[in-house]
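Beneath this line is the structure, given in structure tokens, with notes to follow.
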Amino acid sequence: MSSQTPETGSAGTEPFAADGGPVGALVLHGFTGSPRTVRPWAQHLADAGLTVRAPLLAGHGGSWQQLSKTGWTDWYASAEQAFTEIAARCEQVFVTGISMGGCLAFRLAETKGGQVSGLVVVNPSLTGDNLLIPFTPVLKYLIRSIPSIGGDIKKPGTSEGAAKRTPVASVATMPRMWKTTRAGLGSVTQPVLVYRSTVDHVVGPASMKVLTDALPAAEVRPLANSYHVATLDNDAPEIFDGTLGFITKHSEAEKRV
């Protein structure tokens, strides 16, 4: 059974929830995005009988002005709340995410330990490539927003409905998120599957170097026909099927059969 809870914002930004079996999947969207970015991913897992939550992270789904009032600890709190909810219903929980959602997924694995059975991340953001990012704590007083980082999709006619602008005040909190998460990456012992677009105009190669240096055993699968928002792009079916296969492989329920 699937249920969706309306939130203030544009169509398709509401959180996704589906109650299925004892194996759960938490699906996290990225910065300036919404569950619309990951809804087909979440639906694919729900259709396979998993219990799924794709929360709307704090400040997202509406205007960039609303988003500017939040930072990474607020987004993590949203992810943690959804994790707590799904963990109470399931024997196992896998955490998945795209871009910043991938970073939050790793942070959950670091803080929740054995409660997280595995991770699937798509173009995860673990460090900044833009040389101006270190200056955003000052720039936010001079420039409130910059052009949107959303919509990096190769597939024609596809939109993720991201925020129209990117709030500098929110960006200013991201270096602390990256630093905190990077510091704990070595403690991640869960199996990790990574999907990485060969062309990504949002997250540069530095994030993948951070990931593979800290977690050399992580499996990395390239996406040759998608840009950053790969969950809505040409390679989306590969991500969806691969995620389900990964969860099945590492599911205790499957091992008992």
| Side chains of Glu238 and Tyr195: does their closest heavy-atom pair fall under 4.5 Å? | yes
| request: Show your reasoning for whether salt bridge (Lys or Arg N to Asp or Glu O under 4.0 Å) applies to Glu85 and Arg53. | output: CA-CA 9 Å; Glu85 177 187 342; Arg53 296 291 184 274; 2.8 Å; yes
| If you measure from CH2 on Trp41 to OG1 on Thr243, what distance do you get to the nearest 0.5 Å? | 5.0 Å
| query | Between His201 and His228, is the ring centre distance below 6.0 Å? | reply | no
| field | Validation row: Leu244, Leu50 side chains within 4.5 angstrom (heavy atoms) | value | yes
| Which atom of Ser68 lies closest to which atom of Ala169, heavy atoms considered | O-CB, 3.9 Å
| Ring center gap for Phe31 and Trp72 short of 6.0 angstrom | no
| query | Would you say the side-chain atoms of Thr37 and Glu160 include a donor-acceptor pair closer than 3.5 Å? | reply | yes
| query | Between His44 and Ala42, is there a donor-acceptor pair closer than 3.5 Å when you use the side chain of the first and the backbone of the second? | reply | no
| message | Determine whether Asn123 and Ser197 satisfy the following criterion, side chain to side chain donor-acceptor pair (under 3.5 Å), listing intermediate values before the conclusion. | response | CA-CA 7 Å; Asn123 296 323; Ser197 296; 3.1 Å; yes
| Considering all heavy atoms, the nearest Gly242-Leu193 contact | O-CD2, 4.0 Å
| said: Side chains of Asn225 and Lys154 only: does a donor on one sit below 3.5 Å from an acceptor on the other? | reply: yes
| field | Partner residues of Pro191 under the side chain to side chain contact (heavy atoms under 4.5 Å, CB included) criterion, sequence neighbours left out | value | Phe246, His250
| query | Where do Thr70 and Trp75 land on the side chain to side chain donor-acceptor pair (under 3.5 Å) test, with the steps shown first? | reply | CA-CA 8 Å; Thr70 63; Trp75 313 328; 3.0 Å; yes
| task | Measure the spacing between CZ of Phe16 and CG of Leu45 and express it to the nearest 0.5 Å. | result | 8.5 Å
| Heavy-atom pair of closest approach, residues Thr198 and Ala224 | OG1-CA, 3.6 Å
| Distance (rounded to the nearest 0.5 Å) between Ile247 CD1 and Thr96 OG1 | 7.0 Å
| query | Rounded to the nearest 0.5 Å, how far does CG of Asp19 lie from CD1 of Ile86? | reply | 8.5 Å
| query | Does Val52 belong to the same Ile/Leu/Val/Met/Phe/Trp/Tyr cluster as Leu26, with side-chain heavy atoms less than 4.5 Å apart forming each link? | reply | no
| So, Ser125 versus Trp178: side-chain donor-acceptor pair below 3.5 Å or not? | yes
| request: Would you list the pairs meeting side chain to side chain donor-acceptor pair (under 3.5 Å) in which at least one residue belongs to residues 133-151, sequence neighbours left out? | output: Ser145-Arg165
| note | When every non-hydrogen atom of Ala230 is compared with those of Val122, the smallest separation belongs to CB-CG1, 3.9 Å
| message | Is the shortest side-chain heavy-atom distance between Leu104 and Met177 below 4.5 Å? | response | yes
| request: Answer yes or no: is there an ion pair linking Asp235 with Lys155, defined by an N-O contact shorter than 4.0 Å? | output: no
| field | Any donor-acceptor N/O pair, Ser226 side chain to Leu223 backbone, under 3.5 Å | value | no
| request: Check for a donor-acceptor pair, side chain of Arg182 on one end and backbone N or O of Leu126 on the other, with a separation under 3.5 Å. | output: yes
| said: Would the distance check show the side chain of Thr32 and the main-chain N or O of Thr166 forming a donor-acceptor pair, the cut-off being under 3.5 Å? | reply: no
| Heavy-atom closest contact (Gly128 atom, Ile133 atom, distance) | CA-CD1, 3.9 Å
| message | Here's a test for you: under side chain to side chain contact (heavy atoms under 4.5 Å, CB included), which of Val95, Thr111, Leu28 qualifies with Phe83? | response | Val95
| field | Student check: side-chain heavy atoms of Pro124 and Val203 closer than 4.5 Å | value | no
| message | Taking Val120 as the starting point, is it possible to reach Leu211 by hopping between hydrophobic residues whose side chains are less than 4.5 Å apart? | response | no
| message | So, taking the atom named OG1 in Thr181 and the one named CZ in Phe106, what distance separates them when rounded to the nearest 0.5 Å? | response | 9.5 Å
| message | Tell me whether Lys112 is salt-bridged to Glu80, with the criterion being a basic N under 4.0 Å from an acidic carboxylate O. | response | yes
| task | Quick one: pull up CD1 in Ile98 and OG1 in Thr231 and give me the separation to the nearest 0.5 Å. | result | 3.5 Å
| For Val199, what are the other residues in its hydrophobic cluster, where any two members join if their side-chain heavy atoms are less than 4.5 angstrom apart? | Tyr227
| remark: Minimal heavy-atom distance between Val194 and Ala218, with the atoms involved, is CG2-CB, 4.3 Å
